[in-house]
Q: 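Quick one: structure below, then a few questions.
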Amino acid sequence: MIRILIVCNSLEFLISHRLEFVKKISTICEVSVLGDGSRLAGDKLKSHGIKIFYSDSARNYSSIITSGIFFNEIKTKVRDLEVETIIPIGIKSCVFCSLFGLSILGSKKIIAIFPGLGRIFSSRRFFIARFLLRFFFTVTLGQRNLFSVFQTFSDYRSLILCKTKSHNKPLFVRGSGINLEHFRSQSRSRSTNRKTIKIGYIGRFIEEKGILDFLALSEKLSKSSEQSFEFLFAGKLTSQSSKRVIARVNEVESNGTAEWLGFINNPQDFFGKIDVLVYPATYGDGVPKVLLEACAAGCYAVAYRSPGVEVALSNHRTGLILDEFSVRALEKGIRLFASLSGDERAAIVRNCLGRAEALFSEADVIDKLIRYIRSTERVERDSLQW
């Protein structure tokens, strides 16, 4: 049986985005996971027969020392577990595991699953760092033992600007996929004739995710005399939440312009409460899972443009993609939805369900990943024969 080491900086992310993939691959391979996270997350993975190794340095790369420790942990686990294949999931894990692709520590097979490189390459800060990372990733793509999985073609194109082609054909998947059955009941129960438009936000409370724009929108539209709007937001404050975000969340909750529902374990319940999802993230974030979930629940979405958003939404059919990153643009998008008739809103629900069924099935994504992993074995055999 093939031994696989999955490397991730967050066990919680692995559970929320790739649990079904890890469960399925563990039935055909011997799987171990190295990453940082809570014991609760680790126990959930262990319940599926997966070995867990905790790394305190996996999430913290703020210094050369912690980076070196994490790199050494990867090397040690690969050697001790006699791993044949490494699957890094997440940008930071892919950065470190790609060092294997340069044959510094051997020629183990690397199947890197990138959640979205837009955050690195589209940021206006640290131009030199962005350029070096782009160059580094591009060079590693040319290694014989590296296989890459991308969520958007934009990510791949941004790497090959350095004129280095990947040696192995990459795989493209539309995000992590979703369990359609979990969201279908919400689409069936959705009312398309409600007079009060319920607008929602769900996700991490960090500035890059657009929580401040959502809260500003709630204050602006709550004063509208033309239409009745209600705002709901779900999630929690974290160590990454800025002081400004914390202050605004508390302020908006106290003045009653938006209702904070706290952290929600089952997002399908949240989509049953709202008519429109607002996703005002200001950076490339792979293919946002929350948009796929909204689509499967038949929920209209308004989002700022990014490569991943363009994959998740069909503009004017399942949602609205905004080129202007502002509260004013969000307001226009919400008012456009409010002006639709009941029949037009019902058509949006049908469009969402059809798109989710055709493109975003989690089972289809997992099958595609499994087939790709198996195809790398054939590439390896053909290479040896040659």
Side-chain angles (χ1 to χ4, degrees), residues 8 10-26 41 44-45 48 89-90 113-116 118 149-152 155 171-190 200-204 209 234-235 261 263-279 281 284-303 306-315 317-319 321 348-372:
C8 63
S10 168
L11 297 180
E12 286 78 10
F13 176 86
L14 190 64
I15 287 175
S16 63
H17 286 70
R18 296 289 180 184
L19 178 59
E20 294 304 316
F21 164 69
V22 175
K23 284 166 56 178
K24 181 155 186 180
I25 201 170
S26 68
K44 189 167 186 177
L45 291 167
H48 298 289
I89 300 178
I113 301 178
F114 297 100
V149 179
F150 295 100
Q151 294 189 15
T152 69
D155 281 343
L171 173 69
F172 295 91
V173 294
R174 297 181 181 91
S176 56
I178 39 174
N179 187 324
L180 300 177
E181 292 296 331
H182 288 171
F183 295 88
R184 283 189 179 122
S185 61
Q186 299 304 333
S187 65
R188 287 194 294 269
S189 63
R190 182 173 303 285
Y201 171 98
I202 183 170
R204 288 181 292 160
K209 286 286 189 180
L261 304 179
F263 181 80
I264 294 179
N265 287 314
N266 299 312
Q268 59 267 33
D269 297 337
F270 178 76
F271 291 110
K273 301 176 186 292
I274 65 172
D275 301 295
V276 183
L277 174 75
V278 174
Y279 183 77
D285 191 23
V287 178
K289 188 163 187 175
V290 66
L291 291 181
L292 304 187
E293 292 170 339
C295 187
C299 183
Y300 191 80
V302 178
S306 73
V309 168
E310 291 172 341
V311 172
L313 295 182
S314 176
N315 206 12
R317 285 179 54 81
T318 65
I321 302 175
I348 288 172
V349 174
R350 292 194 297 272
N351 293 339
C352 287
L353 299 183
R355 185 172 177 81
E357 189 76 37
L359 302 179
F360 304 137
S361 165
E362 182 179 56
D364 290 347
V365 170
I366 292 172
D367 287 343
K368 202 172 183 181
L369 284 170
I370 297 294
R371 288 197 302 270
Y372 184 69

Q: Would you say NZ of K44 has more than 12 non-hydrogen atoms from neighbouring residues, nucleotides or ligands within 6.0 angstrom?
A: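 Count not over threshold, so no.
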Q: How about I274 and C299: do any of their side-chain heavy atoms sit closer than 4.5 Å?
A: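 Counting from C-beta outward, I274 and C299 do come under 4.5 Å.
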Q: Can you tell me how far CD1 of I25 sits from CZ of R18, rounded to the nearest 0.5 angstrom?
A: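 One gets 11.5 Å once the value is rounded to the nearest 0.5 Å.
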Q: Taking atom NE2 of H17 and atom CD of E362, what is their separation to the nearest 0.5 Å?
A: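 Atom-to-atom, H17:NE2 and E362:CD are 11.0 Å apart.
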Q: What is the minimum heavy-atom distance between K209 and Y201, and which atoms define it?
A: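 Shortest heavy-atom separation between K209 and Y201 comes out as CB-OH, 3.3 Å.
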Q: In Å and rounded to the nearest 0.5 Å, what is the CG to CZ distance from L359 to R174?
A: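 Result: 4.5 Å between the selected atoms.
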Q: What pair of heavy atoms forms the shortest contact from G177 to L292, and how long is it?
A: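 Smallest heavy-atom distance, with atoms named: N-CD1, 4.1 Å.
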Q: So which heavy atom on F183 is nearest to which on F271, and how close?
A: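 Taking F183 first and F271 second, the nearest heavy atoms are CE2-CD1, 3.9 Å.
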Q: So does R317 get a backbone contact from the side chain of S314, meaning a donor-acceptor N/O pair under 3.5 Å?
A: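 A pair under 3.5 Å: no.
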Q: Checking the side chain of K289 only, and the main-chain atoms of S16 only, is there a donor and an acceptor separated by less than 3.5 Å?
A: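 Such a contact is found between K289 side chain and S16 backbone.
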Q: So, taking the atom named CG in L14 and the one named OG in S176, what distance separates them when rounded to the nearest 0.5 Å?
A: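 OG of S176 is found 11.0 Å from CG of L14.
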Q: Take a 6.0 Å sphere around CZ of R355 and say whether it holds more than 12 heavy atoms from other residues, nucleotides or ligands.
A: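 It does: R355 CZ has more than 12 such atoms within range.
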Q: Which atom pair, heavy atoms only, marks the closest approach of G298 to L353?
A: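 Looking at all heavy atoms of both residues, the shortest contact is N-CD2, 4.1 Å.
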Q: Checking side chain to side chain contact (heavy atoms under 4.5 Å, CB included) for the pair Y279/I202: CA distance, chi angles, key distance, verdict?
A: CA-CA 8 Å; Y279 183 77; I202 183 170; over 6 Å; no
Q: Could you give me the CA-CA distance, side-chain angles and deciding distance for L277 and E293, then say whether side chain to side chain contact (heavy atoms under 4.5 Å, CB included) is met?
A: CA-CA 10 Å; L277 174 75; E293 292 170 339; over 6 Å; no
Q: Between T152 and F172, what is the shortest heavy-atom contact and its length?
A: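 Reported closest heavy-atom pair: O-CE2, 4.0 Å.
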Q: Does the Q151 side chain pair with the main chain of G286, one donor and one acceptor, at a distance under 3.5 Å?
A: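 No.
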Q: Given 3.5 Å as the limit, does a donor-acceptor pair link the side chain of N266 with the main chain of Q268, or not?
A: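 No, because the side chain of N266 does not come within donor-acceptor range (under 3.5 Å) of the backbone of Q268.
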Q: Can you check side chain to side chain contact (heavy atoms under 4.5 Å, CB included) on E310 and N315, steps first, answer last?
A: CA-CA 8 Å; E310 291 172 341; N315 206 12; over 6 Å; no
Q: Please name the pair of heavy atoms, one in P288 and one in V309, separated by the smallest distance, quoted to 0.1 Å.
A: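 Smallest heavy-atom distance, with atoms named: CD-N, 4.2 Å.
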Q: Is any side-chain heavy atom of V365 closer than 4.5 Å to a side-chain heavy atom of F360?
A: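 No, every pair of side-chain atoms sits at 4.5 Å or beyond.
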Q: To the nearest 0.5 Å, tell me how far H182 NE2 sits from D269 CG.
A: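 The distance works out to 11.0 Å.
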Q: What is the distance from atom CD1 of I113 to atom CD1 of I89, rounded to the nearest 0.5 Å?
A: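 These two atoms lie 4.5 Å from each other.
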